[in-house]
Structures are given as C-alpha cells and as structure tokens.
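In what follows, a structure is listed as structure tokens, so that the remarks can point back to it.
FYI, the numbering just counts along the sequence from 1. For ligands, and for the atoms within them, numbers begin at 1 and follow the listed sequence.
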Amino acid sequence: MKERVRTVRAKVFNAPGEALGDEELRLAGVRDDLVRVRLRASGVCGSDLHVTDGDWTAEGPLVLGHEGAGFVEEVGPGVRDVGVGDRVVLSWFAPCRRCRNCARGRAWLCQNTKALENTLPDGTTSFVSFEGVPVPAFMGLGTFAEATVVPESAAVPVGDDLPFSVAALIGCAVTTGVGAVVNTARARPGDSAVVVGCGGVGQAILLGLGLVGADPVIAVDLSDDRLALARELGATHALRGDDPDLGDHIRSITGDGADHAFEAIGRAATIEVLPSLVRRGGQAVIVGMPAEGVTVPLDPFDLADSGKSVLGCNYGSSVPSVDFPRLARLYASGRLPLDRLVGRTTTLDDVDGALEDLRRAAGLRTVIDYGDGS
Ligand SMILES: NC(=O)c1ccc[n+]([C@@H]2O[C@H](COP(=O)([O-])OP(=O)(O)OC[C@H]3O[C@@H](n4cnc5c(N)ncnc54)[C@H](O)[C@@H]3O)[C@@H](O)[C@H]2O)c1
Ligand SMILES: [Zn+2]
Ligand SMILES: [Zn+2]
C-alpha cells in the first residue's frame, strides 16, 4: 500500500462572501482516542451555507464541511470501538459520553462537546497550516478535505456495503430529518404532517414520514422543482410557500390542521407561522437553523389554549452510535431509500458550485466524491 502522506487538500472558509480557499494543510497525528479518516464522500449542507454567507459568525480560516463519510486509516492507542479499514459516518456532534446528557442517552445535547467550537475535545485542531497556524474544522470535522482527524466518538462504523454517498448524508441531513420525525416528533402511522422547506433536510423528513406511514404529507416550498421532488419522495400534496391561503389549504387537507409541522429552512417568517399550521394538540418542530440573533413572536394564548407544542430539534434528537447504524440497516433492508436523496456528484474543486446549488434551491443534495484515495 502506498504510504499515506499526512498533508491534505482542503477547502477553507476565510470570510463571508469570499470563494473558499484551496489549501494544502498538515494533519495532526492520531494520539489518544483520535482516528484519521480518509474522506470518500461529503454532502454540502445548508449549515455550510450559513457560514459562507455570514449568517453564523465564524472566524477564518476554517475547513468547512460537516456531512461526510470515509474509512479509517489510522487509530490512536486509546481507540477501542473503531478499527483501521472501517467504513465510518462522521458525526458533527462528537459526544463526550460522560456528561449528564450523554449519560441520560441524549448525546445530541452533550454539554462537553467541543464540536461547536470547531476543535478537537482537547481544544487543539486537526489541521495546521505549513506555517504552523492551527486551522479549525467546522463542527470538529472539516469534511471538505481529503482526510481529517476526529475523536472516535465522531466516527461511527456502518458496515462495508453502505454506499459512501448515502453514508455521507447520514452524517447530517438524514439523521436530522428522519430523526426529527422518529425521535423528536415521534410521529405515528396515519398522523398528518406539513414539511415547510424541502431541501436536503426537508427531503429526509419526507422519507422519515414515509417510514412511519404518515398521511397526508404536505410539502411546502418556493421552488417548483423542489415541490416536484417532494412528491416523488412521498408528499401527498405540494403547496407553494408564498400562497396567501397556505394555512387554509392545509386546514382543508387535514381537517383541522396537521399533527406535525416541520420547518426545515431557518427563516423567521416560516418559523413564526408554524404553530398556526398544526391542529389543537399538534406540534411545531423547528429543524431549520436561522441566522444568529433572529427571534420570532409566538402567540402564547394559542399555544396554551390549544395545547400546542413547539419543539426544537438538534441533529434529529439522535445518538450517532445508535442511530447511524440503524439508518444504515433501514437503507439496506429497503425500508428507507436513502439513495433517492443523493443528487449531483462533483469534486472538491467544485465546492463553491455545490454551495451555489443550495442557493438555487433545485435538485437533490450535491455530494463531493473523493474517489478511492489511492
Ligand atoms: N437542526 C439541525 O440539527 C440541523 C441539521 C442540519 C441542517 N439544519 C438547518 O436546516 C436548514 C435547511 O438545510 P438544507 O440543507 O435542507 O437547506 P436547503 O437550502 O437544501 O433547503 C432549504 C429549502 O427551503 C426552501 N425555502 C426557502 N425559503 C422558503 C420559504 N419562504 N417558504 C418555503 N420554502 C422555502 C428552499 O427553496 C429550499 O428548498 C438550514 O437552516 C440548516 O442550517 C439544521
Ligand atoms: Zn448539515
Ligand atoms: Zn456529553
């Protein structure tokens, strides 16, 4: 086998509105419980766009990308659960496995993770420039790079048969979207649902609703292309988000409002109307992440009087080590056709083009294919 060189090409965010930089970076060694993962595929998610467009404050340089999969190339001496050669999905929320929330089985609410600070658990970074400057990685992953170094709790083995493109999407959109339905909302067969925003995450919500047998399922988007795709992914109805009578249409389809309404955009206007789309006792599930500082008015009388809930959903309320393999099995058994979420395949050179795909709001998730790394 060819000797692995510990320098990688990476796409680096420097400042909002600028094209990503193309850089050669050094990778940290795999000490302690760290593993080095050679990327095989990475999706490009709306959350990456929040960074490049300046919705979320981020300091450059930052290796972007957080929806990835690959195989383990080397493991540190303290690694127990992952081996060299394992096919892994990367979790953008490396749980500490020890804090109160982790101990209670709520890894997505881990209080000790450093992923939100874009570093490894000890505060160092997996990437370093040739001048010796640490370069943080988005959500502690940085999947827009040929390889990365992560704690083993962020690298979950999923078996050798899962296509890398599907595995990459399990790393964010799928776990978030299917988890929003199954874990956060706990939707049941025959429940009615509205999905506001049918991009990568919304499309995964639609597959999750198909898995649990929700009906009717109403897709809402501003893009006719996305609405057509939503129907292919199981929506029984498709409505335009700018329809002034949207609420009335939803009530006439569902009788008295939906059991569940999911917002998968991250816009104040659509989050604000979400509770009005659900019936008495229904739930509004906020999956989309707005720009920092955005607030929305809510009608507390309606929430109390109608017994409605507003639920926040982080990472589909999922535990990566439990939910990633479960999603992979559901795909393998044919119950969850996750390959139908994979869109255009491209290369690392074209990440800016993939971000542009998100802005255009057309098609399925664009996926970077890294080849076999040889
Ligand atoms: N909660 C989580 O853990 C989590 C995880 C991943 C992504 N996210 C967030 O989810 C959001 C969606 O991500 P994505 O990758 O699916 O993005 P995306 O760009 O692929 O999808 C957004 C969709 O919303 C549609 N849209 C925009 N404005 C609309 C409006 N006013 N009415 C109806 N539809 C509208 C767009 O046409 C597009 O189809 C982002 O905010 C992202 O940060 C949250
Ligand atoms: Zn994401
Ligand atoms: Zn924890």
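At a cut-off of 3.5 Å, with distance as the only test, no side-chain donor of Asp323 or Thr175 sits close to an acceptor on the other residue. A donor atom on one side chain and an acceptor atom on the other are not found under 3.5 Å apart for Arg106 and Ser318. In this structure, a donor-acceptor pair under 3.5 Å is absent between the side chains of Glu23 and Ser129. Side-chain contact check for Asp259 and Ser192: at least one donor-acceptor pair (N or O, by modelled atom type) lies under 3.5 Å.
Looking at ligand 1, you'll find an N or O of His50 within less than 3.5 Å of one of its N or O atoms. Backbone and side-chain nitrogen or oxygen atoms of Gly200 are examined, and one is located within less than 3.5 angstrom of a nitrogen or oxygen of ligand 1. In terms of polar-atom proximity, Ile265 is counted as a contact of ligand 1, with an N or O under 3.5 Å from an N or O of the ligand. Of the N or O atoms in Arg226, one or more lie within a sub-3.5 Å distance of an N or O in ligand 1. Residue Met289 places at least one N or O, backbone or side chain, under 3.5 Å from an N or O of ligand 1. Residue-to-ligand polar distances keep Gly266 apart from ligand 1: every N/O pair is separated by 3.5 Å or more. The N/O atoms of Trp92, backbone and side chain alike, include none that comes under 3.5 Å of an N/O atom in ligand 1.
Of the possible polar contacts, none joining the Glu73 side chain to the Arg38 backbone as a donor-acceptor pair under 3.5 Å is found. A donor-acceptor contact shorter than 3.5 Å is absent between the side chain of Asp369 and the backbone of Thr345. The main-chain N or O of Ile265 is found under 3.5 Å from a side-chain atom of Glu263 such that the two form a donor-acceptor pair. Looking only at distances, no side-chain donor or acceptor of Asp32 sits under 3.5 Å from a matching main-chain atom of Leu34. In this structure, Arg26 contributes its side chain and Val8 its backbone to no donor-acceptor pair below 3.5 Å. Not one N or O on the side chain of Ser317 forms a donor-acceptor pair closer than 3.5 Å with the backbone of Asn183. At distances below 3.5 Å, not a single donor-acceptor pair connects side-chain atoms of Glu18 with backbone N or O atoms of Phe13. For Ser91 (side chain) and Phe93 (main-chain N/O), a donor-acceptor pair under 3.5 Å exists by modelled atom type.
In this structure, Arg40 forms no cation-pi arrangement with Phe71, as its terminal cationic atom is not both closer than 6.0 Å to the ring centre and no more than 45° off the ring axis.
Of all protein heavy atoms, the one lying nearest to atom 36 (C) of ligand 1 is Asp221 OD1, 3.4 Å. Nearest to atom 28 (N) of ligand 1 among the protein's heavy atoms is Arg267 NE, 3.3 Å. Ranking protein heavy atoms by distance to atom 44 (C) of ligand 1, first place goes to Val287 O, 3.1 Å. Scanning the protein heavy atoms around atom 16 (O) of ligand 1, the nearest turns out to be Val201 N, 2.9 Å. Scanning all protein heavy atoms for the shortest distance to atom 10 (O) of ligand 1 gives Gly288 CA, 3.6 Å. Closest to atom 3 (O) of ligand 1 among all protein heavy atoms lies Tyr315 N, 2.7 Å. Protein heavy atom nearest atom 19 (O) of ligand 1, with residue, atom name and distance: Leu358 CD2, 3.8 Å.
Annotation for Arg267: atom CZ does not count as buried by contact number, only 12 or fewer foreign heavy atoms lying within 6.0 Å. Around CG of Asp161, the count of heavy atoms belonging to other residues, nucleotides or ligands within 6.0 Å does not exceed 12.
Comment: Arg80 does not engage Asp33 in a salt bridge, judged by the lack of any side-chain N to carboxylate O separation of less than 4.0 angstrom. A salt bridge is defined here as a Lys NZ or Arg NE, NH1 or NH2 lying under 4.0 Å from an Asp or Glu carboxylate O, and Glu74 with Arg6 meets this definition. Comment: Asp122 does not engage Lys114 in a salt bridge, judged by the lack of any side-chain N to carboxylate O separation of less than 4.0 angstrom. Of the charged side-chain nitrogens involved, none lies within less than 4.0 Å of a carboxylate oxygen, so that Asp191 and Arg188 do not count as a salt-bridged pair.
Scanning Ser47, Gly199, Gly316 for the heavy atom closest to atom 23 (C) of ligand 1 points to Gly199. Summarising the contacts of atom 12 (C) of ligand 1 with Ala264, Gly46, Cys198, Cys45, the nearest heavy atom is found in Ala264. With distances taken over non-hydrogen atoms, the option nearest atom 32 (N) of ligand 1 out of Val195, Leu222, Val44 is Leu222.
With a heavy-atom cut-off of 4.0 Å, Arg365 touches ligand 1 through its side chain alone. With a heavy-atom cut-off of 4.0 Å, Ala361 touches ligand 1 through its side chain alone. When heavy-atom distances to ligand 1 are checked against a 4.0 Å cut-off, Cys172 comes that close only through its side chain, counted from C-beta outward. Only the side chain of Trp56 comes within contact range of ligand 1, with a heavy atom under 4.0 Å; no backbone atom does. Only side-chain heavy atoms of Thr176 come within less than 4.0 Å of ligand 1; its backbone N, CA, C and O stay farther off. With a 4.0 Å cut-off on non-hydrogen atoms, Pro290 does not touch ligand 1 at all.
The number of protein N, O or S atoms lying under 2.8 Å from the Zn ion (ligand 2) is 3.
At least one side-chain heavy atom of Leu222 sits less than 4.5 Å from a side-chain heavy atom of Arg240.
Shown here are the protein N/O/S atoms lying under 2.8 Å from the Zn ion (ligand 3), water excluded: Cys96 SG, Cys99 SG, Cys102 SG, Cys110 SG.
For ligand 1, the atoms sitting less than 4.0 Å from at least one non-hydrogen atom of Asn314 are 3 (O), numbered in the order shown with element in parentheses. Close contacts between ligand 1 and Gly197 involve ligand atoms 24 (O) [criterion: under 4.0 Å to a heavy atom].
For residues 289-329, the set of pairs meeting the ring-ring contact (aromatic ring centres under 6.0 Å, His included) definition, not counting sequence neighbours, comprises Trp92-Tyr315.
Listed by chain and number, the residues in a ring pair (Phe, Tyr, Trp, His ring centres under 6.0 Å) with Phe138 are His66 (sequence neighbours excluded).
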